[in-house]
Protein chains: 4
Amino acid sequence: MTSPKPSPEATSDPTGTKPLRADARRNRERILAAAEAVFAEKGPSASTDEVAAHAGVAIGTVFKHFPTKQALLQAIMKDLLARLTQEVDTLATDDAPGEALFTFITRMVEQAAQKRTVVGLLAETGIDLQVADSVQLLREGIEALLTRSQQAGTVREDIHLDEVIALLTGLCQGALHAGWDRDLQRRTLAIVFEGLRPFEARGGAAGTYS
Amino acid sequence: MTSPKPSPEATSDPTGTKPLRADARRNRERILAAAEAVFAEKGPSASTDEVAAHAGVAIGTVFKHFPTKQALLQAIMKDLLARLTQEVDTLATDDAPGEALFTFITRMVEQAAQKRTVVGLLAETGIDLQVADSVQLLREGIEALLTRSQQAGTVREDIHLDEVIALLTGLCQGALHAGWDRDLQRRTLAIVFEGLRPFEARGGAAGTYS
Amino acid sequence: MTSPKPSPEATSDPTGTKPLRADARRNRERILAAAEAVFAEKGPSASTDEVAAHAGVAIGTVFKHFPTKQALLQAIMKDLLARLTQEVDTLATDDAPGEALFTFITRMVEQAAQKRTVVGLLAETGIDLQVADSVQLLREGIEALLTRSQQAGTVREDIHLDEVIALLTGLCQGALHAGWDRDLQRRTLAIVFEGLRPFEARGGAAGTYS
Amino acid sequence: MTSPKPSPEATSDPTGTKPLRADARRNRERILAAAEAVFAEKGPSASTDEVAAHAGVAIGTVFKHFPTKQALLQAIMKDLLARLTQEVDTLATDDAPGEALFTFITRMVEQAAQKRTVVGLLAETGIDLQVADSVQLLREGIEALLTRSQQAGTVREDIHLDEVIALLTGLCQGALHAGWDRDLQRRTLAIVFEGLRPFEARGGAAGTYS
DNA sequence: TATGAATGAGTATTCATTCAT
DNA sequence: TATGAATGAATACTCATTCAT
């Protein structure tokens, strides 16, 4: 049972929620991990039953923790966004300020390509997941990366956060669904990064074409 | 009950299929059109019943023409790809060779953003749609556009078809799911186009940022 | 399969509904009859599955005809009310005008006592069945009976329709739940009828006590 | 968390039960009170969880005291019957012997109409509640009232206890489900009371019609 | 060939009851 | 003894697919 377990800080309850009993908390984690795995593999239309089976609990337990399938999807989404935000924050305090944004985008695309992440799938189902808060946190993190990159002169000043997120979304979705291999990822990202750079910085580190 | 029927060439059967009676053919068209409309609006999880109702035929008729829901989705996909290929071919013989690729990408993204097109949704369902032939035709069309643009000097020589298609896919998916508005589309595409241009053509027509 | 089949006129569609195919209509009747039997025996919390099994059809067929359990209950209710209204109307044109109301009440109570009728059960579940129209028809029928009885001098002039219906409801519920035997029914009704008679008519035909 | 506890005599265990610890007894009372309130409001299909929550105890505690939902319903029923018996006994020693039965019936109907009492709901569930002993006590109390009324000359000699209880049951059920307003209650009861009176006492105090 | 009724496996969700903490 | 997490059977409802009319 060595599924990718969500980092503790990501799944920590919002303050104010009464702490769960040890076994309950353990099950919650297992369910979340199972759900992430199952939905990642089969898409969000996978049955809750399957999630329960994968987690090794009864179906009732899943619904005790997440009273709706929606709620379960939301929880995964929040978890994921929290981990991304965390990663963004780490990058933001790293040394190479100019490359931070490029690195982050690259990592996200890599992840998306690897596993059929939930991120993308969520949107598709038309389910409105109301994870606005978590999204906002991530936006802020990305904005910080963008600003730093612009100050470092590796991204044009006239680029807005919206475009960056649009590109990020599109690239992830593309990578996710079309199953780009590493090489294709690299070359595709290189093109986009080239488009983000100021004229005087073109042909930079990320821009090596075969 | 005369719904807007797809153009005949778009729905043409692959050669080798036995010709249908006139009324059967008419029904086939109506079902396809209905399916495209319904799936475009509600996603591929819309029920076949709804498609039948929208087409004004009984459910049995739908399954007579397309023995599986899968088959119906496939047919739509092929239809769509055929129309895109058609559009590509038209663009390829236009006068402005340098802008043809950019124009095509822009149009596709616009369409994807406008209607919840099937394109994107198909991939998501994880269904393997086996439309390889149709895709190949489109690939070839796009390749022609790419070559012409490169010859015209508006796209870098070191760009491959794979990256172009990867970008196209990602941008469409992004536009589709994230609901970009026209302005955001324009700015996002401008960045990508900038990345596609050779150094000496940078800051070209498509690259005006707010 | 000789369950009490609803009379044709009771189940006839409101005009304007497209006529069903013969087999569909037959199934509809069977489902209704089965539902009436099952709910009558086990109360409205009986499962729809059981109704389907009892009717010898698949569960989907039940839901095709009655898209909701509610709808099924409603249909039974309407059916029942229609039959009651019918009975009321017959009584209203009978010869013995003075006894018509008493006869009707007696019959209803008898029926309620016999089978765990749906009437009573419906109210209990807290389900709002929206059969107002059908109820109104029955009210009008009962009102006619009441008026005739009053004109015949067997019911006091100062009795209103509301009280009659209240008594009818209470007596049916009581008979239904408490399982009164025939003799107890008779004696209980005799008391109520006695209360309905004018002073000068007391000790009338219905009022023989042990 | 001091909810309105039922009076001690009402909840007294049948003799022979081993005495509970003080806190356990307190919990028992709270659960009973909560159950009565919850079931009164939502009907007997309300969940045991809700009862537990309302009582401020854990679900396990409820099942410790009442090993089955059935048992809980039974206990409420007994409690209720005990209170009614108590009320009957009080009335039986009151001064106005002739009106005692009428008063009792009136009160019961009033209560039934006011709150979605459990009384009525119990019968509906089809659950056999085995509260024969408690019922017997109540029967005896009512019989006493009946006898006194007959001796006082306000109720006919040929009326039996069974009919009185039948009427009582029916009227309560009717009032409960049909939601009679006070005025309708009054007029309906007046009719029944009139039916109970001997000829020479007709048009008595309770018999004023609009 | 078209129709549309019937099928029945599948899905989310609830809830009485059990049992480890 | 109290807690409350876990259980899992049950239930209403959906929908792709089949087949008699």
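Proteins come first, then strands; the chains are lettered A, B, ... in the order of their sequence lines, and each starts at number 1. Below, all heavy atoms of this structure are taken into account, side chains as well, without hydrogens, waters or symmetry copies. Because the structure is predicted, anything quoted here is derived from the model rather than measured.
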Side chains of [X] and [Y]: does their closest heavy-atom pair fall under 4.5 Å?
| X | Y | answer |
| --- | --- | --- |
| H54(D) | V51(D) | no |
| F66(C) | L73(C) | no |
| M77(C) | L81(C) | yes |
| I31(C) | R28(C) | no |

Rounded interatomic separation in angstrom, taking [atom1] from [X] and [atom2] from [N]:
| X | N | atom1 | atom2 | value |
| --- | --- | --- | --- | --- |
| D23(A) | dT7(F) | CG | P | 10 Å |
| L72(B) | dT17(F) | CG | C1' | 14 Å |
| E50(D) | dC15(E) | CD | P | 9 Å |
| D49(B) | dA5(E) | CG | P | 10 Å |
| F66(C) | dT11(F) | CZ | P | 20 Å |
| Q70(B) | dC15(F) | CD | C1' | 15 Å |
| E29(A) | dA6(F) | CD | P | 12 Å |
| I31(B) | dT1(E) | CD1 | C1' | 12 Å |

Tell me which nucleotide, if any, is Watson-Crick or G-U wobble paired with dA20(E) when both distances must be under 3.5 Å.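 The answer is dT3(F), by the H-bond criterion.
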
Who is the Watson-Crick or G-U wobble partner of dG8(E), with both distances under 3.5 Å?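 In the structure as shown, dG8(E) has dC15(F) as its Watson-Crick or wobble partner.
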
What nucleotide, of [options], holds the atom closest to the side chain of [X]?
| X | options | value |
| --- | --- | --- |
| T48(C) | dA16(F), dA2(E), dA12(F) | dA12(F) |
| F63(C) | dT14(F), dA12(E), dT18(E) | dT14(F) |
| I59(B) | dC13(F), dT7(F), dT18(F) | dT18(F) |
| A58(B) | dG8(E), dT18(E), dG4(E) | dG4(E) |

N/O (side chain, [X]) to phosphate O (OP1/OP2, [N]) under 4.0 Å:
| X | N | result |
| --- | --- | --- |
| N27(C) | dA5(E) | no |
| S47(A) | dG10(E) | no |
| H65(A) | dA6(F) | yes |

Contact nearer the 5' end of DNA chain E, comparing G60(C) with P67(A):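 By nearest-heavy-atom nucleotide position, the 5'-most residue is G60(C).
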
Between R26(A) and K69(D), which has a closest nucleotide on DNA chain E that is more 5'?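 The residue mapped nearer the 5' terminus is K69(D).
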
Do K64(C) and dA5(E) share a donor-acceptor pair, side chain to base, under 3.5 Å?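 Counting by modelled atom types and ignoring angles, a donor-acceptor contact under 3.5 Å is found here.
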
With sugar-phosphate meaning primed atoms plus P, OP1 and OP2, does T61(D) contact a base, only sugar-phosphate, or nothing at under 4.0 Å between heavy atoms?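 The residue T61(D) makes base contact.
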
How far apart are the closest heavy atoms of K42(C) and A46(C), and which atoms are they?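 For K42(C) versus A46(C), the nearest heavy atoms are CB-CB, 3.9 Å.
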
So does P44(D) get a backbone contact from the side chain of K69(D), meaning a donor-acceptor N/O pair under 3.5 Å?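 At least one qualifying donor-acceptor pair exists.
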
